Every structure is written in structure tokens, then in C-alpha cells.
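Working notes, structure below.
Keep in mind it's a predicted model, so treat the numbers as computed, not measured.
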Amino acid sequence: MKFIVKLFPEITIKSRPVRRRFIQRLQNNLQIQLKRISDNITVSGFWDKIEVVLPQESLASYEAVCSAMQRTPGVQFFIQVAEYPLGDFQDVFEKTLPLYVDRIKGKTFKVRVKRHGKHDFTSVDLERFVGGGLLQHSESAGVNVHTPDVYVDMEIREASLYVVEKQLQGLGGYPLGSQEAVLSLISGGFDSVVASYMTMRRGSKTHFLFFNLGGKAHEIGVKQVALHLWQQYGSSARVRFISVPFDEVVGDILQNVHHSHMGVVLKRQMMRAAEQVADFMKIDAIVTGESIAQVSSQTIPNLTVIDQATKKLVIRPLITMDKQEIVDKTKMLGCFDIVKMIPEYCGVISDRPTTQAKLKKVIEEEACLNMDILNQAVLNSQKMQIDEIIENLDIQDDIEALSRVSENQVIVDVRAPNEQERKPLNMPGCEIILVPFYELEAAAVTWAEDKEYLLYCDKGVMSRLHAQNLQEKGFNHVKIFRPLV
């Protein structure tokens with residue numbers, strides 16, 4: 001069985017050396033992926049196409065081969081063809097009829113012939129002959145040269161005839177690795193996932209940088225979605241997953257920055273950390289999932305101030321996309337069910353955040369920060385190859401959540417201080433302690449072992465993530481408090 005892979009149109013308009021390089025890259029990428037399915041599959045590159053041959057002994061892998069090619073950047077579409085020696089017109093018709101007689105039943109059709117080489121007939125001559133034969137020997141609804149229901153496609157190359165059996169759509173885009181590498185800031189939310197995919201589709205080897213604000217459980221979820229993206233759309237190139245512990249950086253911001261500027265300062269700190277990681281990896285561009293005005297930190301004035309924290313190029317593939325478009329894209333990518341389980345974790349919740357940040361004011365706010373904390377966080381980052389992530393990482397669901405409090409239990413309000421002040425937790429008769437999430441590990445060491453500590457936050461996200469993190473560190477007397485609504 002043979003497939004003819006057609007190139008993304010933008011590849012075909014490149015200069016000869018660039019086009020040749022792109023074709024070779026695409027050929028190599030397909031070889032890497034298809035060899036994992038069967039060693040017997042051959043991939044051959046030509047000037048205007050790539051041919052993939054699936055031998056008889058590997059036909060059981062047909063679905064896997066088609067799926068892999070559909071998910072390979074650089075493939076515009078590919079066609080499954082039946083190959084024959086070129087005979088006379090009657091022979092061509094007889095080869096075509098059994099492949100299309102059922103497909104055109106009750107439908108209109110049009111025959112299309114492409115020729116390469118010298119022949120004593122024209123493409124139109126053959127189209128008319130085969131079309132007339134199909135019209136006479138099938139139950140079609142007739143010929144429609146403008147808007148047919150079915151195209152009957154064939155290609156003639158010198159002395160060979162290729163009759164198209166099926167056409168399948170690819171991703172388009174440039175072959176992975178044909179463009180320079182980028183570093184994508186992935187949070188596990190819809191936006192960063194789609195942004196990462198879009199740079200992969202554009203041909204950039206996309207490494208993942210995660211700022212951990214929510215403990216191990218959050219990291220597990222983000223690793224899962226990054227692994228899925230890589231396996232589905234980028235597995236022809238090895239990339240890295242870097243996790244930076246950012247809770248102390250957030251704590252520094254919460255204690256020293258005015259609430260109206262916390263979001264912008266957090267993004268600037270992320271840019272600074274990303275720049276350090278990118279410098280180490282010799283990468284020139286940072287990718288984010290920001291879209292104009294989606295949240296307060298993403299207004300044009302705020303994005304302008306954020307970008308000035310780094311000398312790297314900041315790429316925002318989603319800059320004009322609507323949220324629903326982005327969510328729909330995750331469904332197409334097969335990521336929706338994973339992403340919807342990952343909380344949009346934000347360690348900095350600004351009260352009346354500014355939408356018109358001024359660089360001078362932001363710099364004044366940042367003067368109170370301890371940049372050694374940021375630098376240490378980068379030094380403490382964990383780096384791994386994406387394929388080293390264990391696939392069976394699951395967020396635990398067995399952390400007990402209580403709605404009532406007994407005598408030996410203490411409620412721990414883990415929200416940021418401004419949230420604690422703005423909306424105090426009122427539970428008469430209950431012991432409540434205020435421990436911002438970024439101080440939890442240090443505080444837990446002092447907690448009495450004969451009491452149970454119930455972590456609380458507004459939405460139950462931070463409390464669950466940090467409860468699991470503490471339990472994994474041996475604090476088994478930690479649970480979650482979820483008041484009845």
C-alpha cells in the first residue's frame with residue numbers, strides 16, 4: 001500500500017535550498033514516527049511529495065500509520081493510492097471503476113487527471129474517457145464539473161498510474177525542527193496548551209517551562225498535558241520539561257508589592273526566570289498563551305510593561321483569539337479532558353488590578369523584592385527530557401474533605417493575606433489560623449500531632465493541591481475543609 005504525502009503549500013514557495021531542507025526534515029520526522037510502528041515501512045522524499053510504502057506484512061498497522069501522518073506538522077494532506085503500470089484508456093477505466101463505483105452511487109462526480117512526463121494524449125482526453133465509462137457503468141447522479149459530490153482523482157507519472165483511493169487531511173504547518181527552538185510557558189490551562197501546539201505546528205521544537213505554584217499535584221497535571229502534546233504532535237524531536245518552584249517568589253510579591261500591581265509583577269518575574277532558562281538552553285524566544293484583554297494583566301499597556309522584563313522575543317500565538325476558540329481547539333487536540341481537570345492556579349489574586357501599568361511605578365514596586373529568591377528558584381528548577389515523564393502519574397482523589405469541624409481540628413486559611421482580610425472566614429467556636437500557602441511547609445513543622453489541620457480556600461483548589469503536597473511529605477494529619485454552601 002502506498003501513500004503520497006503532499007507538502008504544506010508555504011514549503012513549495014521557498015527557495016530551492018530551503019525547500020529541499022524542509023522536505024528532508026519532514027522525511028526524517030515521518031521516518032522516526034513510522035519506524036516506531038513498523039520497521040518495514042519505507043519513506044522516500046521527492047521534490048514535490050513524500051512517498052510512504054506500507055508493505056503487506058504491515059497492513060495491520062494501517063490505522064496507526066494514518067493517525068501518525070495526520071498529526072505530523074508539515075503534511076498538508078496525504079492520499080492513499082493504488083499503483084499500476086500505465087495501460088491504454090480502457091485499462092485505466094477498468095482499474096478505476098471498482099474503486100469508485102460504490103462511492104459515486106447516487107452522487108455527482110468529476111474526473112481529475114494530473115500528468116508528469118511525455119504522453120501521446122492529454123489529461124482532458126483521459127478525463128473524458130474515464131468519466132464517460134463511469135457514467136455508463138455506474139448508478140451515479142451524473143457529471144458535475146463545478147461542484148461535484150465526489151472527485152475521481154488519478155495521477156500519471158511517466159509509465160505509472162496512481163488511482164486515488166482515499167485522501168486524508170494533515171496538520172499543515174512546517175516540519176518540526178525546521179525553525180528555531182522556543183521555550184513555552186505552560187500552566188496546564190487551555191491557553192498555554194494551544195499556544196504550545198501552535199509553535200510546534202509552525203516547525204519550532206517547543207520546550208516546556210512550568211512555574212510551580214501549587215505543589216506536586218499541579219505539576220503532575222501539567223506534565224500529563226505536556227506529555228500528551230508531545231506524543232501527539234511533536235514526538236519526532238526530544239524536548240525538555242523544566243519545573244521552577246515559584247511559591248517563594250509569589251510569597252515575596254504578596255508581601256512587598258501593592259495589590260493592584262501583583263499580577264503584572266508576577267508575569268515580569270516569570271519572564272526574568274524564563275530568560276535565565278532560555279539563556280542556558282540557547283533559546284531566543286519565549287511563548288505565552290496570552291490574549292488581548294482576556295484578563296487584567298493582558299491589556300496592551302500591561303503586556304508592554306511585562307515584555308520589558310526580558311530581552312527575549314515574546315511570542316503570543318493566541319493574541320487575538322477568543323476564549324471559546326481556544327477551548328474548542330483543545331478539544332480538537334484531544335487535550336480537553338485533561339486540561340479541564342487541571343486548575344487555573346493563580347498564586348497572586350490582585351484586588352482591583354491595574355489595567356494601565358506604568359513602567360516607572362512597576363519598577364518602584366519591584367525595588368522591594370528580593371531577586372535572590374528568584375535566582376534561587378531557577379537554580380532549584382528540575383529539568384528532564386519529556387519522554388522521561390512517567391505516564392501513570394495521577395492526581396490523588398482520596399484526600400478527605402470535611403464540612404464539619406470537631407474539637408481536635410484546626411481550620412487553616414491558606415489564602416493570600418489580602419484575600420483573608422477582604423473576606424474573613426467566620427466560623428464561631430472553631431479555631432482558625434491564617435497561614436498563606438507559601439508559608440505552609442514551614443508552619444506544618446510546628447503543628448501538634450494530636451490535632452488535624454483542615455486547609456481552606458475559596459474554591460478548594462489551593463487547599464487540595466497543598467494538602468496532597470503536605471501528605472506526601474509525611475503530614476498525614478492534614479485534610480481539607482469545604483463548608484456546606
Side-chain angles (χ1 to χ4, degrees), residues 8 21-39 41 43 45 50 52 64-65 67-75 170-171 173-188 192-212 219-244 273-289 312-313 315 317 333-335 338 378 381-393:
F8 179 51
R21 175 169 61 84
F22 280 23
I23 293 171
Q24 184 176 18
R25 173 64 68 176
L26 180 56
Q27 179 186 353
N28 291 341
N29 291 350
L30 286 169
Q31 283 177 329
I32 290 170
Q33 295 185 85
L34 298 182
K35 287 295 183 183
R36 293 174 185 152
I37 299 172
S38 171
D39 286 333
I41 299 173
V43 182
I50 290 174
V52 175
V65 169
S67 177
M69 290 194 290
Q70 284 184 295
R71 293 181 281 103
T72 300
V75 175
L171 288 182
Y174 290 135
L176 193 65
S178 62
Q179 308 302 313
E180 288 72 22
V182 297
L183 183 64
S184 181
L185 277 54
I186 186 165
S187 66
S192 61
V193 167
V194 175
S196 300
Y197 159 77
M198 291 178 74
T199 53
M200 295 164 70
R201 180 184 176 275
R202 201 61 183 171
S204 290
K205 183 189 292 188
T206 301
H207 300 272
F208 301 99
L209 177 60
F210 168 59
F211 293 107
N212 193 348
E219 182 174 335
I220 286 171
V222 177
K223 283 181 176 177
Q224 282 181 315
V225 74
L227 181 63
H228 173 85
L229 267 183
W230 176 78
Q231 288 176 326
Q232 294 297 308
Y233 307 104
S235 63
S236 57
R238 296 190 77 191
V239 299
R240 288 185 176 184
F241 184 96
I242 302 98
S243 177
V244 180
E275 183 178 81
Q276 291 186 41
V277 175
D279 281 342
F280 174 78
M281 299 177 67
K282 296 181 172 56
I283 290 175
D284 293 325
I286 297 168
V287 179
T288 79
K312 300 292 182 182
L313 171 67
I315 300 173
L333 298 176
C335 298
I338 304 175
V378 176
S381 63
Q382 295 182 340
K383 304 175 181 68
M384 66 179 67
Q385 297 293 340
I386 190 74
D387 53 354
E388 294 174 359
I389 295 176
I390 301 173
E391 294 189 46
N392 61 351
L393 296 173

Is there a side-chain contact between [X] and [Y], using heavy atoms and a 4.5 Å cut-off?
| X | Y | result |
| --- | --- | --- |
| F208 | I242 | no |
| V277 | V378 | yes |
| T72 | L26 | yes |
| Q232 | H228 | yes |
| I41 | V52 | yes |
| I315 | V182 | yes |
| T288 | S192 | no |
| D284 | L313 | no |

Between the side chain of [X] and the main-chain N/O of [Y], is any donor-acceptor distance below 3.5 Å?
| X | Y | result |
| --- | --- | --- |
| N29 | L176 | yes |
| H207 | R238 | no |
| S38 | L34 | no |
| K383 | F241 | no |

With distance as the sole criterion, is a donor-acceptor pair present between the side chains of [X] and [Y] under 3.5 Å?
| X | Y | answer |
| --- | --- | --- |
| S184 | T206 | no |
| R71 | S235 | no |
| Q33 | S236 | no |

Could you grab the distance from atom [atom1] of [X] to atom [atom2] of [Y], nearest 0.5 Å is fine?
| X | Y | atom1 | atom2 | value |
| --- | --- | --- | --- | --- |
| D387 | R240 | CG | CZ | 12.0 Å |
| R202 | L171 | CZ | CG | 13.0 Å |
| I50 | M69 | CD1 | CE | 10.5 Å |
| S187 | L209 | OG | CG | 11.0 Å |
| E180 | T199 | CD | OG1 | 12.5 Å |
| K312 | Q276 | NZ | CD | 11.0 Å |

| Checking side chain to side chain donor-acceptor pair (under 3.5 Å) for the pair E219/S243: CA distance, chi angles, key distance, verdict? | CA-CA 8 Å; E219 182 174 335; S243 177; 3.3 Å; yes
| query | So F22 and Q27, side chain to side chain contact (heavy atoms under 4.5 Å, CB included) or not? Walk me through it. | reply | CA-CA 9 Å; F22 280 23; Q27 179 186 353; over 6 Å; no
| Considering residues, nucleotides and ligands other than Q385, do more than 12 of their heavy atoms fall under 6.0 Å from its CD? | yes
| Test side chain to side chain contact (heavy atoms under 4.5 Å, CB included) applied to Q179 and R25, step by step | CA-CA 11 Å; Q179 308 302 313; R25 173 64 68 176; over 6 Å; no
| Y233 vs Y197 aromatic rings, parallel, tilted or perpendicular, using cut-offs 30° and 60°? | perpendicular
| query | Aromatic rings F8 and Y174: how do their planes relate, parallel, tilted or perpendicular, breaks at 30° and 60°? | reply | perpendicular
Closest non-hydrogen atom pair between [X] and [Y], with its separation:
| X | Y | result |
| --- | --- | --- |
| P317 | A195 | CG-O, 3.9 Å |
| A274 | L185 | CB-CD1, 4.0 Å |
| M200 | L229 | CE-O, 3.6 Å |
| A68 | I37 | CB-CD1, 4.2 Å |

| Partners meeting side-chain hydrogen bond (donor to acceptor under 3.5 Å, both in side chains) with R21 (sequence neighbours left out) |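 Once residues adjacent in sequence are excluded, R21 has no partner under the side-chain hydrogen bond (donor to acceptor under 3.5 Å, both in side chains) criterion.
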| field | Partner residues of S204 under the side-chain hydrogen bond (donor to acceptor under 3.5 Å, both in side chains) criterion, sequence neighbours left out | value |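 Applying side-chain hydrogen bond (donor to acceptor under 3.5 Å, both in side chains) to S204 gives none.
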| field | Any residue meeting side-chain contact (heavy atoms from CB on, under 4.5 Å) with Q70, in chain and number order, not counting sequence neighbours | value | F78, L168
